[in-house]
Number of protein chains: 2
Amino acid sequence: MAEPAGLQARKKLAAMHRIQNAALDLFDEHGFDAVTVEAVAEAAEASPRTVYRYFGTKEMLVIWDEEDEPAVSPIVEQLIGDDPIGALRRAMRGGFAALGEDELRLMRRRVRLIYSSPSLETALLLNASEKSHSIAAAVASARGDDFEAQVFVHALISGLIGAMRHWYLSGFATPLSELVDRALTVLEHGFSPPER
Amino acid sequence: MAEPAGLQARKKLAAMHRIQNAALDLFDEHGFDAVTVEAVAEAAEASPRTVYRYFGTKEMLVIWDEEDEPAVSPIVEQLIGDDPIGALRRAMRGGFAALGEDELRLMRRRVRLIYSSPSLETALLLNASEKSHSIAAAVASARGDDFEAQVFVHALISGLIGAMRHWYLSGFATPLSELVDRALTVLEHGFSPPER
DNA sequence: TGCCAATTGGCAGTCACTGCCTATACTGTG
DNA sequence: CACAGTATAGGCAGTGACTGCCAATTGGCA
């Protein structure tokens, strides 16, 4: 972390965090639909035009995650080996263990928000779908089979989102790491025999 | 088919078809984004207000499918047995075989449109997600395991959409029925060993 | 310090979508 | 066959997300 990356880029990133925080505060308090982008801009001391330039849509104020982009290639790394699900499982265990309480709180906050508004859920799905495409393309070029990779990666990501949704619906009772683990087990063995 | 279902409901359904056809024509000709709902309404000789009352959103003019709702319970039927993927595969083979050339043409038309506009792809994903929820809920109540059903059904539907997307990207070269078949094979066996 | 490029802000416009009220069918009764 | 009662369509006005365009500002660099 902490790359120099140009002074200008730094300021932009700082502004994005400031705007996202202001947005989450307002959305938590009044609900996503009841807050206008103009109100967010004012609270973050930026112009609405700038908010749109940075985030594109109102939904992205919630969906956007600085860590998303760099997370793609590690995931691809896991998937191209001999035991993709196993490798992914180990990687995710490690990832969850590294999360602090603050990060988890932020995650719960964003997930709660997402499932409280259909337009946010929609945006999450689109975002995930785009990620799936880029991951699948990378996996396909490493493994050779385009079709199989597309289907599998889409199913995988969607299954994980299902786990996340379950996490939310159960009031965040079960730790997300455990749910992800169980989801991966379902995806690993397939569903052919009900096995019970 | 051909249930009486009340004269009023009939007229509504006929109007929906008229409006959807007008919309698809205009979208094909000028592109989804370049056509306003008002233009669709005018072409279909309805008021914009009515278009919204019937379809809810502009995207639903493309996504809506009369057969979607009644298709849910048969799918659930297949999934609660001992060999869910196998049963689903057989059911889908039969379903595809029953499709006429007209239906296939309409399908290709809609799919082409969907993947030509991000907002339509988004709407498709949301629609599929809602279907997944209702299917998963039904499967869960029959099988007992809520979490497993959620994850599996979401992954399944998403994998099938991946197959559909591949169908589009390959210029509809391979028959969709074959792609669905192959997708189900991927989902059936899971992905643990690369097995090759 | 002064020039060039990039970034930001303000303005006006488009269009999806909604609530509300009126008009107009449709449905089942006397 | 008329007639009340109800559901459905249309019109109107408003909100707010989002965009293109131009002017102002800021930062980078000689």
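Naming: A, B, ... by sequence-line order, numbering from 1 per chain. These numbers come from the heavy atoms of this one structure, side chains and all, not from hydrogens, waters or symmetry mates.
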Engineer: Tell me whether A:Glu103 at atom CD has more than 12 heavy atoms from other residues, nucleotides or ligands lying less than 6.0 Å away.
Structural biologist: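 For A:Glu103, atom CD is crowded (more than 12 foreign heavy atoms under 6.0 Å).
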Engineer: Does anything in residues 112-125 of chain B reach DNA chain D, meaning a heavy atom under 4.0 Å, and if so which residues?
Structural biologist: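 Output list: empty, so none.
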Engineer: Centre of B:Phe32's six-membered ring, under 6.0 Å away, within 45 degrees of the axis: is that where NZ or CZ of B:Lys58 sits?
Structural biologist: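 Yes, a cation-pi geometry holds between B:Lys58 and B:Phe32.
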Engineer: Give a yes/no on whether any side-chain N or O of A:Lys11 is located under 4.0 angstrom from OP1 or OP2 of C:dT7.
Structural biologist: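 No, no such contact exists.
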Engineer: Specify whether A:Phe55 and A:Trp64 have parallel, tilted or perpendicular ring planes, treating 30° as the upper limit for parallel and 60° as the lower limit for perpendicular.
Structural biologist: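 A:Phe55 vs A:Trp64 ring planes: perpendicular.
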Engineer: Consider only side-chain N and O atoms of A:Thr174 and A:Arg182, and report whether a donor and an acceptor are under 3.5 Å apart.
Structural biologist: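 The criterion, which ignores hydrogens and geometry beyond distance, is not satisfied for A:Arg182 and A:Thr174.
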Engineer: According to a hydrophobic-cluster definition based on side-chain heavy atoms being under 4.5 Å apart (Ile, Leu, Val, Met, Phe, Trp, Tyr only), do B:Leu124 and B:Ile135 belong together?
Structural biologist: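 Yes: a chain of side-chain contacts under 4.5 Å links B:Leu124 to B:Ile135.
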Engineer: Under the side-chain contact (heavy atoms from CB on, under 4.5 Å) test against A:Val139, which residue among A:Leu79, A:Ile75, A:Leu156 passes?
Structural biologist: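 Result: among A:Leu79, A:Ile75, A:Leu156, A:Leu79 is the only option passing the side-chain contact (heavy atoms from CB on, under 4.5 Å) with A:Val139.
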Engineer: Within the structure shown, what part of the strands sits under 4.0 Å from A:Tyr54 by heavy-atom distance: base, sugar-phosphate, or nothing?
Structural biologist: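 Answer is sugar-phosphate: A:Tyr54 comes under 4.0 Å of backbone atoms only.
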Engineer: Just wondering, do B:Arg108 and B:Trp167 contact through their side chains at under 4.5 Å, heavy atoms?
Structural biologist: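 In contact.
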Engineer: Grab the NZ-C1' distance between A:Lys12 and D:dG28 for me, whole Å please.
Structural biologist: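 My rounded result for the distance is 18 Å.
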Engineer: Can you check the A:Arg10 CZ to D:dG28 P distance for me, whole Å?
Structural biologist: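 It works out to 13 Å between those atoms.
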Engineer: Nearest-Å distance, CD (B:Glu42) to C1' (C:dC15)?
Structural biologist: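 Distance check: B:Glu42 CD to C:dC15 C1' gives 16 Å.
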Engineer: Distances for protein N/O vs nucleotides 17-21 of chain D N/O pairs under 3.5 angstrom?
Structural biologist:
residue	atom	partner	partner atom	Å
D:dA17	OP1	A:Lys58	NZ	3.2
D:dA17	OP2	A:Val37	N	3.3
D:dC18	OP2	A:Lys58	N	2.7
D:dG20	N7	A:Arg49	NH2	2.9
D:dG20	O6	A:Arg49	NE	2.7

Engineer: Determine whether the side chains of A:Glu66 and A:His17 contain a donor N or O and an acceptor N or O closer than 3.5 Å.
Structural biologist: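 On atom types as modelled, these side chains qualify, holding a pair under 3.5 Å.
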